[in-house]
Amino acid sequence: SSEELLHAAIRKARFTAASERAISTLRFDKQSGSLQISVNRSAHESLPLDASFGPEGRAEIRFYLIAPATGLAPAPDGRRSRLETQAIQFAADRSSNPFAVEIDLGSGNPQRLVFDPFSSLRLSSAQ
C-alpha cells in the first residue's frame with residue numbers, strides 16, 4: 001500500500017543519511033509517481049507508487065513541517081499544521097524536523113500521519 005511504501009521510504013531515507021553521513025532528502029515526485037530519496041541533491045533511490053500517484057492520477061503525497069515544542073510545553077498538534085514543504089530532510093544522526101505526511105488518494109478525505117523526528121515511528125494519524 002502507499003502507506004507501507006511511505007514508511008519504507010522514511011526508513012530508507014534515515015538509514016541513507018546515517019550510512020552516507022550526509023543529509024538525505026525524501027520527496028514525492030508527481031511526474032514519476034514515486035517517492036524520491038536523494039543525498040546531497042543527487043538522486044539516490046526511487047520508490048514507485050501505483051499509477052494513481054502518477055501524472056494521470058489524482059493521488060498525491062504532501063509533507064508538512066511541525067513547529068518544535070518549546071521548553072517543557074507539549075508539542076504542537078501535527079494534525080493541524082499547514083506549513084507545507086516539498087521535502088523532508090534527514091540528518092546523519094537520523095533525525096529530522098518534526099513532520100507530518102498527508103496521503104491523498106483523490107477521494108477528498110486525505111489521511112494525515114505524524115512521525116517522530118528521531119525514529120520512523122508514527123505518532124498519530126487523522127482523517
Side-chain angles (χ1 to χ4, degrees):
S1 73
S2 55
E3 185 177 339
E4 290 168 340
L5 193 56
L6 173 65
H7 281 276
I10 290 169
R11 284 190 302 272
K12 282 184 185 253
R14 285 186 192 283
F15 178 78
T16 300
S19 65
E20 300 284 330
R21 294 186 176 150
I23 292 175
S24 70
T25 304
L26 174 64
R27 68 180 186 85
F28 170 66
D29 180 46
K30 181 72 172 172
Q31 290 302 93
S32 65
S34 65
L35 291 165
Q36 304 281 320
I37 299 171
S38 58
V39 177
N40 293 331
R41 298 185 181 156
S42 297
H44 183 74
E45 190 165 352
S46 177
L47 295 108
L49 297 155
D50 66 50
S52 65
F53 286 91
E56 303 299 319
R58 293 180 22 191
E60 288 187 71
I61 293 180
R62 292 182 287 274
F63 298 100
Y64 296 89
L65 294 175
I66 301 169
T70 304
L72 297 175
D77 186 357
R79 296 172 295 176
R80 299 183 192 280
S81 175
R82 290 287 160 213
L83 185 57
E84 190 169 353
T85 183
Q86 294 299 309
I88 299 296
Q89 292 186 330
F90 299 92
D93 66 359
R94 294 181 164 194
S95 67
S96 66
N97 289 322
F99 70 98
V101 181
E102 204 168 79
I103 301 173
D104 186 350
L105 299 176
S107 62
N109 192 19
Q111 179 183 20
R112 181 162 297 201
L113 310 170
V114 179
F115 288 90
D116 177 65
F118 302 104
S119 71
S120 298
L121 297 176
R122 188 173 83 192
L123 298 176
S124 65
S125 63
Q127 296 281 347

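Values reported hereafter were calculated over all heavy atoms of this structure, with side chains retained and with hydrogens, waters and symmetry mates removed. Bear in mind the structure is a predicted one, so any value in this text is a computation, not a measurement.
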Do D29 and S46 pass the side chain to side chain contact (heavy atoms under 4.5 Å, CB included) test, and can you show the C-alpha distance, the side-chain angles, and the key distance before you say yes or no? CA-CA 9 Å; D29 180 46; S46 177; over 6 Å; no

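- Linking Ile, Leu, Val, Met, Phe, Trp and Tyr residues whenever their side-chain heavy atoms come within less than 4.5 Å places L6 and I88 in a single cluster.
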Quick one: side chains of residues 47-57, donor-acceptor pairs under 3.5 Å with protein atoms, not counting sequence neighbours, listed by atom name and distance.
| residue | atom | partner | partner atom | Å |
| --- | --- | --- | --- | --- |
| D50 | OD1 | S52 | N | 2.9 |
| D50 | OD1 | S52 | OG | 2.4 |

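- Shown here for F90 and S96, the closest heavy-atom pair between the two residues is CD2-CB, 3.6 Å.
- The structure places CZ of R62 at 13.5 Å from OG1 of T85, a figure rounded to the nearest 0.5 Å.
- Hydrophobic clustering, with ILVMFWY side chains joined whenever heavy atoms are under 4.5 angstrom apart, groups I103 together with I37.
- The two atoms that bring A17 and A91 nearest to each other are CB-O, 3.2 Å, heavy atoms only.
- Judged by distance alone, with hydrogens and angles left aside, the side-chain atoms of D93 form a donor-acceptor pair with the main-chain N or O of S95 at under 3.5 Å.
- Counting only distance, with no hydrogens or angles, the side chain of K12 and the backbone of H7 share no donor-acceptor pair below 3.5 Å.
- Once rounded to the nearest 0.5 Å, the distance linking CD1 of I61 with CD of Q111 reads 10.5 Å.
- By the criterion of side-chain heavy atoms lying less than 4.5 angstrom apart, applied directly or through intervening Ile, Leu, Val, Met, Phe, Trp or Tyr residues, V39 is not grouped with F63; the two fall into different hydrophobic clusters.
- Taking CD of Q36 as the start and CD of E45 as the end, the distance is 9.5 Å to the nearest 0.5 Å.
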Atom pairs and distances, side-chain donor-acceptor, residues 19-27, under 3.5 Å, sequence neighbours left out:
| residue | atom | partner | partner atom | Å |
| --- | --- | --- | --- | --- |
| S19 | OG | F15 | O | 3.1 |
| S19 | OG | T16 | O | 3.3 |
| S24 | OG | A13 | O | 2.6 |

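- Taking CD of E60 as the reference point, atom OG of S2 lies at 12.5 Å (rounded to 0.5 Å).
- Linking Ile, Leu, Val, Met, Phe, Trp and Tyr whenever their side-chain heavy atoms come within less than 4.5 Å puts V101 and L83 in one cluster.
- What you find for R58 and S107 is that their closest heavy atoms are NH2-N, 4.3 Å.
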